Structures are given as C-alpha cells and as structure tokens.
Number of protein chains: 2
Amino acid sequence: MSLELPIGAPRDCGDCQIRHRAVCARCDVDELAQLDEIKYYRSYEAGQTVIWSGDQMDFVGSVVTGIATLTQTMEDGRTQMVGLLLPSDFVGRPGRDIAPYDVVATSDIVMCCFRKKPFEAMMEKTPHIAQRLLQMTLDELDAAREWMLVLGRKKAREKIASLLAIIARRDATLKLANLQGKMEFDLPLTREAMADYLGLTLETVSRQISALKRDGVISLEGNRHVTVHDMDRLLEEAGDDSDGGILV
Amino acid sequence: MSLELPIGAPRDCGDCQIRHRAVCARCDVDELAQLDEIKYYRSYEAGQTVIWSGDQMDFVGSVVTGIATLTQTMEDGRTQMVGLLLPSDFVGRPGRDIAPYDVVATSDIVMCCFRKKPFEAMMEKTPHIAQRLLQMTLDELDAAREWMLVLGRKKAREKIASLLAIIARRDATLKLANLQGKMEFDLPLTREAMADYLGLTLETVSRQISALKRDGVISLEGNRHVTVHDMDRLLEEAGDDSDGGILV
DNA sequence: CGCTGCATTGAAAACACTCAAGACCTGTGG
DNA sequence: CCACAGGTCTTGAGTGTTTTCAATGCAGCG
C-alpha cells in the first residue's frame, strides 16, 4: 500500500515526535508493530470538524501535530469547550461507540488513528497501553478539575490571566525554558475560542485582555503574539498561589 | 487482630455492598484475598476532613457508605467543589504522593482504605484493577466535563435544575425506578455545598430553589426533601435535551 | 477598492453578588 | 414543657460584573 502520508506524519514510530508522551509511550517494539497493523494517519484542515457529537466512532487516536478542541453545545447554541487537545493527547474512549463531544481542528492537524475494535482487543491483552491511558486520563481529570475552579469561581480578569498562564507554562515546558520573568508566546486560540474555554463572551475576553495590557501586565504584537512582562505578576492576577498552583 | 469494624463496614468482600461497582469489581477471589492483606476500614464523622490538600497521602480507597466531597480553595477563601464522592467511588491517585484537593465527609462515612505502596505494587501485577480504575476514571472525566458546561454556560436557575436532575437520576438508578413523571428524594447537600458545587452563592441557590417552588416545578418538605412534579419539565429547566442529555 | 472575518469599544440591561435582617429548625438545659 | 442557642435557610435592597446589542476598527485578499 503506497498511501500518501499527510505532511507532518512520521515515517514510522521510531521517528514519531510524540511517541514518548502518547498512549503508546510504554509499548515495546513488538507492541508497536502490532499497533502499526491497525493504524493510519489522517489530516484535517483548520476549522474542520473531526468528530461530531452523537456520531458513531470507529477509531480512536492521538493528535500528532496541531491543536484541536473538545466542545459541548446546548440546543440554543451556547457552547463550552471541555478539552484542549495538544500533540500527544488521546481522542476517543475505548468501550464507547457514540461520541459525546464535538472534536474540532483549531489549526491544521495530523492524527494517528487506530481502528477501534482491534485497539480495544489489543488493550485487553497488553497492559502497557491501558496503564499509559490510565495515567493520561488521570492527568486530564486533574486538568478538568483545575478548570472547574476557573469556571466556577474566578472573575473574568482572573480567568484570562489563568489561561495565559496555562499557555505560557505549556510553551515553557516545550522549549525547556523556565517560568520566571518575561515570557513570549503565540495564542493558539481566537478570542471566541478563548471565550468558549473560559465561559465568557468574546467581548469580555477582549475587554479583559485590553485591561491587562493597559495595566502593564502584558503587551500584544498583532492579535496573537503575547509578551508577559513578569510571570509572577500574571500568576497574582490569576489568583493562583505564586508557586504555580496547578498540580504538583 | 480484633480491631472493631466501623458500623456499616462489611464483614468481608463477599458481603460488600459496593463490591460490584468499586475499583475491585473485576477482581477474582485470589485478588480479593491479596487486597484483604493491605486493607482496613475507617470511619469519619459528618463534617470531618478526610484528607487535607497538600498532605502526604499514604492510602487510597473507596467510599463504602455516606457522601464526601472533593474541594479546591483559593487563598481568599473562595471554594469550588470538583467532585462528589458516593459509595463505590475511589479516592486518591496511584503514583501521586501529595493530595491536590480537600476530601471532606458530608455525612458520616465509612472508607475501605488500601495502603498506597502495596496497592500500587499490586496494580502493576493485576490488570483487573488498572482496567477497572481506567473505566471509573473515564466516567469521572465525563462527569467533570458535563459540569464544565454547567459551570461555564448555564444560568443560576438552570444550574439548580441540573443538580436536582443529577440527584434524581442517581436516586432512580439506585431504586431501579424510572426517570419520568413524579420523583421524590432527599438532598444530600446543604445550600452552601450546593453553591460550592455550582459556582454560586448560597443566597442565589436559596432564591432559585424558591423560584422553582413558586413556579410549581418542585415542592419541598422541610429543607431537604424534594418532590419533582414532572421530570421532563425539570430537564427543560436544566436546559438539557429531554432525552436526558448526560452521557449515553 | 470593497469585501470578509476577527477584534475592539461603548452604553444599557440583565444577572448574580454582597450585606443585612429575620425565620426556621433542632438539640440542650433549665 | 419551655426557652434559648446555634446552625441553616430565606428574603430584601443595593451594588457590581458580565452580557447584550450595536457600531466601529483593522488586516488580508480577491
């Protein structure tokens, strides 16, 4: 089979950038070979819906490159983001047929997909996959609980500061930089997506970003590029302990 | 050792009411015997804190009877409940030493505790435990995401209706009743706990409950006993699809 | 140049919060 | 049996924050 690989997809698992963080992180060579049998790459363009809530799911998989979101929508159109999927994050739930959320590509993305039935079968036999998935799920649960505090108890300004802190933190771990003083990064989300993440309107997001700018906490270059002048100040604004709060 | 068993604790696993739903649900007789070696029962009184956020955790375990809550508190005292622990729910995370949340007994409770180190060791060897824990964690994650929608996008009245619907639903599954027409149940939470769950103040909770009463959606007997006159009406008020919304 | 999509800003309205008073309930002690 | 204390809950009035609605700004692109 000479299917064309989407750009950004690795030649094989040895090449794979997300290999050590994804659901297959603990797998040995044999197990990777088995996975290889049931996997395929697929790419989606920015804005495309990967999975519709309510649809049959016949694959699970990992985000290889790009960013996707998990969202819920009420009948009247109010929507809440319930997950932000970054490279190495897992999509889908073994044992469930119907997707409970929309998965939408925020940027162009590449997914490493596994056919669901054989993946489930394999999970029964190889504990390495289930063990890693458990770890990842527990991490996601912690992140979800952190967000519940943000959604339920923080004010608009604190919400924005929290989101900026999260993104800065993620960016830092990626670049192996540390989390002090000045930091620069790009927002991977539109104002509307930020609003959906934080349970705000896009107008409020815009206003609070302007306010943080006016108060000298951040500067903007264009709409997406953010400079945080002092990380400690930002964490104060977020209402977190200065030690970073989020999970130890 | 003739330690006195807390009232409500089962004589042995065969007797245990939560056995088929707890983390040990898939274990066979051998595995249960192993677990028995490292387990002990402990009871807490209503209002007691079971685990303090930031503390060393040296056990994990299951709620056997009663209700407990998982809460996060900000420096200025704002608190957000991030989990409601019912009988069979699991407390603690294998692989983590420091508790990230407060666990508080809402009623008198009995816990079945496992010493952490040996439990972790056992998890490595017996897939049945890890598999069940994965299922439970995925369910919790779904519940958390459902709550993110409630916290981020619903209005106070919808939040209250959503909470009542959840409690009614849980009560119904317990009694094997169905979810239509009239339903009666007791609230397991104070107004303040409801507020902490929903990201509201206790005054707002009280007002909205009064409003639902005034509008004939529910009646109260005392402060805790609720009658829902028409479940479909309640679900409408909650902003959910009439089919029940929450996870299929 | 005039789209289109995204972002900002303003004014008015809606919503939930704060502060404060009082009602209700339960258990205790006179 | 009653009175009282302490906790829980309800209700009101005023305030503050966020939303809503509407207009405008700005950048990329045919």
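Order of the sequence lines fixes the chain letters, A, B, ..., with proteins taken first and strands second; residue numbering starts at 1 for each chain. Note that this is a predicted model, so its numbers are computed, not measured. Below, all heavy atoms of this structure are taken into account, side chains as well, without hydrogens, waters or symmetry copies.
Between Arg207(A) and Glu203(A) there is no salt bridge, since no side-chain nitrogen of the basic residue lies less than 4.0 Å from a carboxylate oxygen of the acidic one. A salt bridge is absent between Glu184(A) and Lys175(A): the closest approach of a Lys/Arg side-chain nitrogen to an acidic carboxylate oxygen does not fall below 4.0 angstrom. One finds no salt bridge joining Arg233(B) and Asp215(B) here, because no Lys/Arg side-chain nitrogen approaches an Asp/Glu carboxylate oxygen to under 4.0 Å. Salt bridge Arg96(A)/Asp142(B): present, at least one basic N to carboxylate O contact under 4.0 Å.
Nucleic acid contact class of Thr204(A) (heavy atoms, under 4.0 Å, all strands): base.
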Check nucleotides 19-22 of chain C against the protein and report each pair of N or O atoms closer than 3.5 Å, with its distance, or say if there are none.
residue, atom, partner, partner atom, Å
dC19(C), N4, Glu203(B), OE2, 3.2

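Between Ile209(B) atom CD1 and dA16(C) atom C1' the separation is 16 Å, expressed in whole Å. Rounded to whole Å, atom C1' of dT17(D) lies 13 Å from atom CZ of Arg78(B).
Under the side-chain hydrogen bond (donor to acceptor under 3.5 Å, both in side chains) rule, Thr79(B) has a single partner from Thr73(B), Thr71(B), Asp102(B), Asp196(B), which is Asp196(B).
Contacts with DNA chain C (heavy atom under 4.0 Å) in residues 215-226 of chain B: none are found. Within residues 147-164 of chain B, the residues that place at least one heavy atom under 4.0 Å from DNA chain C are, in residue-number order, Lys155(B), Ala156(B). DNA chain C is contacted by Thr190(A), Arg191(A), Leu202(A) of residues 186-202 of chain A, taking any non-hydrogen atom closer than 4.0 Å.
The stretch residues 43-71 of chain A participates, sequence neighbours left out, in no ring-ring contact (aromatic ring centres under 6.0 Å, His included) pair at all.
Taking every heavy atom of both residues into account, Val150(A) and Lys159(A) meet most closely at O-CE, 3.3 Å. Nearest heavy atoms, Leu187(B) versus Val226(B): CG-CG2, 3.7 Å.
For the pair Ser210(A) and dT9(C), the criterion of a side-chain N or O lying under 4.0 Å from OP1 or OP2 is met.
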Item to check | side chain to side chain contact (heavy atoms under 4.5 Å, CB included) between Leu164(B) and Leu212(B), intermediate numbers included | outcome: CA-CA 11 Å; Leu164(B) 294 177; Leu212(B) 287 174; 4.1 Å; yes
Checklist entry - Stepwise, does the salt bridge (charged side-chain N to carboxylate O under 4.0 Å, His left out) test hold for Lys154(A) with Asp240(A)? => result CA-CA 10 Å; Lys154(A) 292 197 179 177; Asp240(A) 291 340; 2.9 Å; yes
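When the shell of 6.0 Å around CD of Gln17(B) is examined, it contains 12 or fewer heavy atoms from other residues, nucleotides or ligands.
Contact check for Glu236(B) versus Leu234(B): no side-chain heavy atoms found under the 4.5 Å cut-off.
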Could you list the donor-acceptor pairs under 3.5 angstrom formed between side-chain atoms of residues 81-92 of chain A and any protein atom two or more places apart in sequence or on another chain?
residue, atom, partner, partner atom, Å
Asp89(A), OD2, Leu86(A), N, 2.8

